[in-house]
Amino acid sequence: SSVLCSSPLPEGPCGAMHALRCGLLAASVAVAQILFHDAEFRDRYNFSGGRLVGSTAAFGAPPYGEEVLGELVYAPSKGATYCTEDDYDPQFAGGTNAIFVVMRGNCSFVTKVRVAEAKKAAAVVIVDNSGILTPEDVRRVVMASDGWGAAVTIPSIFLAQADGQPIIDALQQGKQLKVTLSWTLEQTADHMQVNLWTSAGEKTGSFFLADFAKHALRFKSHLEFQQNYHVEELTGQTKDFNEQCWDGDIRYCEADPDGAGPITGREILGEGLRQQCIWDTSLAVDAVTKKPDGTDRSPRPYSPDFYRYVEKAHTECPFVCDNSGAAAVDQRTWCTDPENRLGERCSHRVMRSLQINVQRVTQCVEDKATQLLQAWSERRQWTKVFLQINGKRYSGPLTGDVVGRVLCQEFAAAEQAVIDECSQMSSGSGPVREDDDDDSGMGAGTVLLITIGVGVGVAVLLLVYYQVCLKAQLRKELRYEMMQAARTGGQEGQSMTGAAAQEVAVPEGAPVAAPAGAV
């Protein structure tokens with residue numbers, strides 16, 4: 001069976017091969033940083049600038065710019081390798097941001113972090129136990145979720161054994177180590193890395209990819225982009241059901257996006273494979289250029305055909321029944337016509353319109369389908385749509401415009417064309433715009449007056465309602481007191497007159513004279 005990159009490493013040569021595979025399949029370079037406050041410790045272990053860089057988790061990660069200031073805490077495992085709450089007993093003072101240091105092994109990253117969170121950790125540093133992965137390898141490992149990552153709310157960092165063991169040794173010797181964990185995006189010299197998990201049958205991810213395409217085309221080789229498509233195993237089944245799987249293999253399946261509609265899970269997988277093969281068969285590499293500081297810039301391969309295709313196919317080959325582009329065509333005909341909905345025929349039509357080599361893409365799908373599906377299955381996240389920028393989870397609005405701005409803020413050096421593009425985004429004069437002033441709309445003063453008016457109106461209504469309720473309660477209490485008085489009078493041998501009896505049954509809404517002392 002396959003072993004996920006978030007799983008413990010197998011022993012022996014298989015572990016080495018698995019480590020190499022995890023490094024090759026990793027989505028992007030991680031940028032989680034640990035800043036040591038202890039100068040003596042930094043110098044002793046030769047950590048450059050007092051900082052360690054590791055891999056950050058794809059679950060429980062903090063938003064951009066957040067830091068965790070705390071003290072490292074270590075306690076030896078009792079044998080369960082930090083996978084259960086009773087396996088270790090960390091000691092720390094109350095009110096301290098305790099950052100647990102634990103070893104990898106025997107359970108997933110998520111399990112270790114969930115256990116630490118239950119034991120009141122503010123964050124977790126997981127140290128590799130294989131001795132195989134170098135610090136450079138670790139930076140390319142994706143700390144993927146095991147399906148339970150949504151329950152984690154604290155961040156975590158993965159370190160190579162060469163970096164983490166000196167920390168454990170120092171803590172065992174009684175050293176107090178205060179650190180700052182930082183997730184500020186790392187500025188790469190001339191490019192940014194974007195890693196997207198999505199599905200061709202997921203509305204949010206498909207919209208973002210199409211919306212982001214126009215910006216990616218302008219960033220060109222300054223952007224290192226990688227897409228990963230959702231694949232899941234058909235659990236509880238021994239064979240394919242309703243064409244959800246690729247070639248009937250229940251290891252590689254996808255949910256049906258339209259229920260009783262014509263599109264199947266297999267077609268969703270097929271669209272993802274076609275998109276990946278368009279990328280793989282049409283990569284372009286810009287010529288080596290100079291950075292603003294005069295040094296050479298190493299260009300990253302990118303695919304203009306891929307970006308143009310996903311933008312056009314999103315509109316012309318929808319996976320949700322929609323005749324908005326069909327003009328006078330009958331709704332039912334539009335939705336069932338393979339030329340106008342997600343699927344191979346519509347995809348090939350769009351490719352031909354963009355002069356993409358259909359035969360080459362089709363051959364790529366035939367040759368690489370199993371390889372790609374297996375890789376995506378191993379890199380699967382806890383949610384279908386997930387975005388990383390430079391190895392850091394993006395948690396803002398998932399639109400092309402906003403993400404484009406984030407990328408612009410992080411470019412340390414770029415060609416003038418990219419700088420100009422980013423300047424347009426920042427000023428609002430380009431494709432990414434802030435809301436423009438419009439004389440035909442309402443100004444801020446008008447909105448404020450309307451808001452105050454609505455607030456006053458609501459307050460008046462609440463006051464009237466309160467008065468009505470108060471009167472009803474008063475009538476109820478008055479009836480009760482008069483009935484009690486009538487019963488008491490009966491017990492003393494006194495009889496009530498007809499008029500008094502009528503007064504007990506006060507009709508709803510009739511005026512009532514309050515008894516003495518009533519308010």
Side-chain angles (χ1 to χ4, degrees), residues 27-28 188-198 200 204-229 271-272 274-289 291-292 297-318 347 349-358 360-361 364 385 387-390 394 396-433:
S28 58
T188 51
D190 54 4
H191 73 284
M192 294 293 289
Q193 294 168 322
V194 173
N195 190 39
L196 173 68
W197 282 263
T198 186
T204 302
S206 297
F207 169 78
F208 168 73
L209 189 54
D211 191 42
F212 179 66
K214 58 182 178 290
H215 301 302
L217 277 169
R218 296 184 179 100
F219 290 138
K220 296 183 178 179
S221 59
H222 293 283
L223 177 65
E224 186 174 339
F225 182 81
Q226 182 176 359
Q227 63 277 19
N228 307 272
Y229 295 91
E271 177 61 19
R274 285 189 293 273
Q275 291 183 13
Q276 181 65 59
C277 280
I278 291 173
W279 177 278
D280 291 346
T281 60
S282 62
L283 287 175
V285 180
D286 291 341
V288 176
T289 57
K291 294 186 286 188
R297 181 180 69 85
S298 300
R300 264 61 182 179
Y302 71 105
S303 172
D305 285 348
F306 169 81
Y307 295 122
R308 284 193 287 263
Y309 172 83
V310 294
E311 187 173 17
K312 189 170 185 179
H314 177 72
T315 303
E316 297 192 13
C317 305
S347 173
R349 176 176 62 80
V350 172
M351 283 189 229
R352 286 191 290 269
S353 71
L354 297 172
Q355 297 183 338
I356 296 173
N357 191 318
V358 175
R360 186 182 302 170
V361 172
C364 169
V385 182
L387 184 68
Q388 281 184 336
I389 299 177
N390 273 13
Y394 171 77
L398 199 61
T399 69
D401 293 349
V402 175
V403 173
R405 283 196 185 96
V406 172
L407 294 177
C408 283
Q409 292 170 1
E410 300 305 324
F411 272 119
E415 293 177 351
Q416 190 61 43
V418 176
I419 295 174
D420 292 343
E421 170 68 15
C422 290
S423 298
Q424 290 179 345
M425 289 185 186
S426 300
S427 66
S429 61
V432 182
R433 303 181 61 87

Mind checking whether [X] and [Y] have side chains closer than 4.5 Å, heavy atoms only?
X: Tyr307; Y: Leu209; value: no
X: Gln275; Y: Val310; value: yes
X: Ser282; Y: Ile356; value: no
X: Lys214; Y: Asp401; value: yes
X: Gln193; Y: Phe225; value: no
X: Asn195; Y: Leu387; value: no
X: Phe212; Y: Phe207; value: no
X: Thr281; Y: Asn357; value: no

Least distance between heavy atoms, [X] atom then [Y] atom:
X: Ser206; Y: Thr198; value: N-OG1, 4.0 Å
X: Ala313; Y: Val350; value: N-CG1, 4.2 Å
X: Gly400; Y: His215; value: O-CD2, 3.2 Å
X: Thr204; Y: Leu398; value: CG2-CD2, 3.9 Å

* To do: With sequence neighbours excluded, tell me which residues meet salt bridge (Lys or Arg N to Asp or Glu O under 4.0 Å) with Arg308.
  =>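 Salt bridge (Lys or Arg N to Asp or Glu O under 4.0 Å) list for Arg308, sorted by chain: Asp305.
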* **Asn228 side chain vs Trp197 backbone, donor-acceptor pair below 3.5 Å** => no
* Listed partners of Ser353 passing side-chain hydrogen bond (donor to acceptor under 3.5 Å, both in side chains), at least two apart -> Lys312
* To do: Please list, chain by chain and in numerical order, all residues satisfying ring pair (Phe, Tyr, Trp, His ring centres under 6.0 Å) with Tyr309, sequence neighbours excluded.
  =>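 Not a single residue meets the ring pair (Phe, Tyr, Trp, His ring centres under 6.0 Å) criterion with Tyr309.
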